[in-house]
Number of protein chains: 2
Amino acid sequence: MEGLDSVTIGRLADRLGMSKAGVIGQFRSKEKLQLETVDLVMEDFRTQVWQPVRHLDAGLPRLLAACAAWVRYAADPGYSGGCLLTQVTYDYDARTGLVHDRIAEGRARWRDSLRRDIDVAVAAGDLPPGTDAPQVVYGLESLAAGITPARLLHGDDETEKWALHGMHAILGLSSMK
Amino acid sequence: MEGLDSVTIGRLADRLGMSKAGVIGQFRSKEKLQLETVDLVMEDFRTQVWQPVRHLDAGLPRLLAACAAWVRYAADPGYSGGCLLTQVTYDYDARTGLVHDRIAEGRARWRDSLRRDIDVAVAAGDLPPGTDAPQVVYGLESLAAGITPARLLHGDDETEKWALHGMHAILGLSSMK
DNA sequence: TTGACGTACGAACGATCGTACTCTTAAATC
DNA sequence: GATTTAAGAGTACGATCGTTCGTACGTCAA
C-alpha cells in the first residue's frame, strides 16, 4: 500500500505517539484526514512552485518560470517517493467521492492559472497566435507528471531537462524566433 | 482502494464463486497473482497498440501509427476506469519489489521499441537530425499517460486530439515541411 | 485396486483497517 | 473555587486482509 492509502489512522497514531482514538478525535473521520492531507499536498505545491514566481510579470515570463519551478519540484520535491501531487492525482482519478473532487478542484485552479498566463502571452505576441490554451495546459501537465515514473521506474536522471524541452516544444517556442 | 490493490484474494474468490483457499492455490501468493495480473495488462496493451501496427514499415510510419493506437487505447481502453497500464505504472513507481520491477521491464521494452523507430525515422530523414530519442520517448510516454487523469478528473473529451498534437510537437514534425 | 497428484473446500490464524464507546485528566470559563 | 469543555487514552467492535492448515474430492498411472 502506498500513497494516500498508506496514511492510516493506526500508522499515524504510532508515528505521533498517540492512540488511534486520539488521532480520529482530531480529524473526525478517515475521509476528513484524507481531505486535509490533500490540502497540505496542494499547499506545499503552491508554496514551492507558484509562490516563487507569482510576482513575475504575467504572461510568458511567469509561465516559463512556473514551468521551471514545477519541473524542478517534480524532479526533487524535497521528500522521497516522488511528487505527492502526481501521486494523489493518479491514485484518485478513477475513484469517486470527496477526495477525488477536492483533487480535481485544486488541479482546476492550477490549470486556470496556467491558462491565464498563456492567454496573456499570446495577446502579447510571445506565443504563436491561435495557440490552443487548454491543449497546451494538457501538454504541460502531462510532461510534468511524467517525471515521477521516469525517475522512479527507470532511474532517468535527465527528466528535468526532458520535461522542459518538451514544454518548450508544446508551447511552440522552438518555431518562433 | 483501487488499482492492483483492489484485486484481492477474497474479492477474486467471491467473483469466481470459489473459496479464498482455492484462489491462493492457483496463484501461490498474492505477489504471484499481482505479477500475472501485470502480465495480462501488458499483454492487452501490446495486443491493442502494438499488434495492429507492427507490420507497418519501421520508422516514422509505424511510429505515428503506434502513437495513434496508443492514444486511442488510453482514451478508450475498452473497460472503465482508465488505462490499466497507466494505473499500475503510477501505482507502483514508488514501491519496491517484484511487481515494480516487472512493470519497469515491460515499459522498458516498449521504450526500446519506440526508440528504434525513432532512430530509423531520423536516419531516413523523416525526423529532424539530432533528435534525442530518449527525450522524445519521454515526451510520448508522458502525453499518453496524461490522458487518464484529464479524462477522469476533469472530464476532458478532447484528450486524444491533445495528446496527438503534443506528440507531433515533441517529434518536431510541425517545424518540418 | 491402489497410490500419487492436483484441485478446491471450510475453518482458523494473526494483522490491520475504520469507527464507536467510556473514562480520565487538564485547561478554560464563570 | 466550582463547573464546563475538550483532548486523549483505553478498549472493543466488525470487516477484511494474506496465509496456513487438514480434508475431501476427483483424475490418471502403475
Side-chain angles (χ1 to χ4, degrees), chain A residues 1-43 79-82 84-106 153, chain B residues 1-43 79-82 84-85 87-106:
Chain A
M1 190 166 27
E2 203 73 16
L4 245 193
D5 288 338
S6 70
V7 180
T8 197
I9 305 283
R11 249 188 278 239
L12 206 54
D14 259 15
R15 189 74 66 99
L16 297 174
M18 288 173 57
S19 66
K20 284 170 63 177
V23 172
I24 211 172
Q26 295 289 338
F27 318 92
R28 303 180 52 84
S29 71
K30 178 71 186 298
E31 194 174 48
K32 303 269 191 179
L33 165 62
Q34 290 177 318
L35 288 174
E36 296 220 22
T37 307
V38 168
D39 288 343
L40 274 183
V41 167
M42 290 183 170
E43 189 182 321
Y79 43 78
S80 69
L84 285 177
L85 187 55
T86 303
Q87 180 104 332
V88 297
T89 294
Y90 282 82
D91 244 33
Y92 279 81
D93 56 2
R95 309 193 197 188
T96 57
L98 295 182
V99 179
H100 165 282
D101 297 345
R102 185 70 62 96
I103 295 169
E105 288 169 23
L153 224 36
Chain B
M1 188 167 29
E2 203 71 17
L4 245 192
D5 287 339
S6 71
V7 180
T8 196
I9 305 283
R11 251 189 277 237
L12 206 54
D14 259 14
R15 191 74 67 101
L16 297 174
M18 288 175 56
S19 66
K20 285 169 60 177
V23 171
I24 212 171
Q26 295 287 339
F27 318 94
R28 304 180 51 83
S29 71
K30 178 69 186 300
E31 193 173 47
K32 303 270 191 180
L33 164 61
Q34 291 176 319
L35 288 173
E36 297 220 22
T37 307
V38 168
D39 288 342
L40 276 183
V41 167
M42 291 184 168
E43 188 182 321
Y79 42 80
S80 69
L84 286 176
L85 187 55
Q87 180 104 332
V88 297
T89 294
Y90 282 81
D91 245 33
Y92 278 81
D93 55 4
R95 310 193 197 188
T96 58
L98 295 182
V99 179
H100 166 281
D101 297 344
R102 184 71 61 96
I103 294 169
E105 289 169 22

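Residue numbers begin at 1 in each chain, while the letters A, B, ... track the order of the sequences.
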What is the distance, to the nearest angstrom, from the [atom1] atom on [X] to the [atom2] atom on [N]?
X: A/Lys32; N: C/dG18; atom1: NZ; atom2: P; answer: 16 Å
X: B/Met18; N: D/dC25; atom1: CE; atom2: P; answer: 18 Å
X: B/Asp14; N: C/dC9; atom1: CG; atom2: P; answer: 12 Å
X: A/Asp5; N: C/dT16; atom1: CG; atom2: P; answer: 17 Å
X: B/Leu33; N: D/dC17; atom1: CG; atom2: P; answer: 12 Å
X: B/Gln34; N: D/dC17; atom1: CD; atom2: P; answer: 13 Å

Is there a side-chain contact between [X] and [Y] in this structure, where contact means two heavy atoms from C-beta onward sitting under 4.5 Å apart?
X: B/Val38; Y: B/Tyr92; value: no
X: B/Gln34; Y: B/Asp5; value: yes
X: A/Val41; Y: A/Leu4; value: no
X: B/Ile9; Y: B/Lys30; value: yes

Below 3.5 Å between N/O atoms, which protein atoms pair up with nucleotides 19-29 of chain C? Just atom names and distances, please.
residue : atom : partner : partner atom : Å
C/dT19  : OP2  : A/Lys30 : N            : 2.7

Under 4.0 Å: is that the gap between some side-chain N or O of A/Ser19 and OP1 or OP2 of D/dG10?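 Looking at the OP1 and OP2 atoms of D/dG10, neither is under 4.0 Å from any side-chain N or O of A/Ser19.
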**Message:** Between B/Thr8 and D/dG18, is there a contact of a side-chain N or O with OP1 or OP2 at under 4.0 Å?
**Reply:**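 Yes, B/Thr8 has a side-chain N/O under 4.0 Å of OP1/OP2 on D/dG18.
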Is the backbone N or O of B/Gly22 less than 3.5 Å from a side-chain atom of B/Ser19, with the two atoms forming a donor-acceptor pair by type?
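Side chain of B/Ser19 to backbone of B/Gly22: a pair is present.
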| query | Hey, what do you get for CE (A/Met42) to CZ (A/Arg102), rounding to the nearest 0.5 Å? | reply |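 Going from CE on A/Met42 over to CZ on A/Arg102, the span is 8.5 Å.
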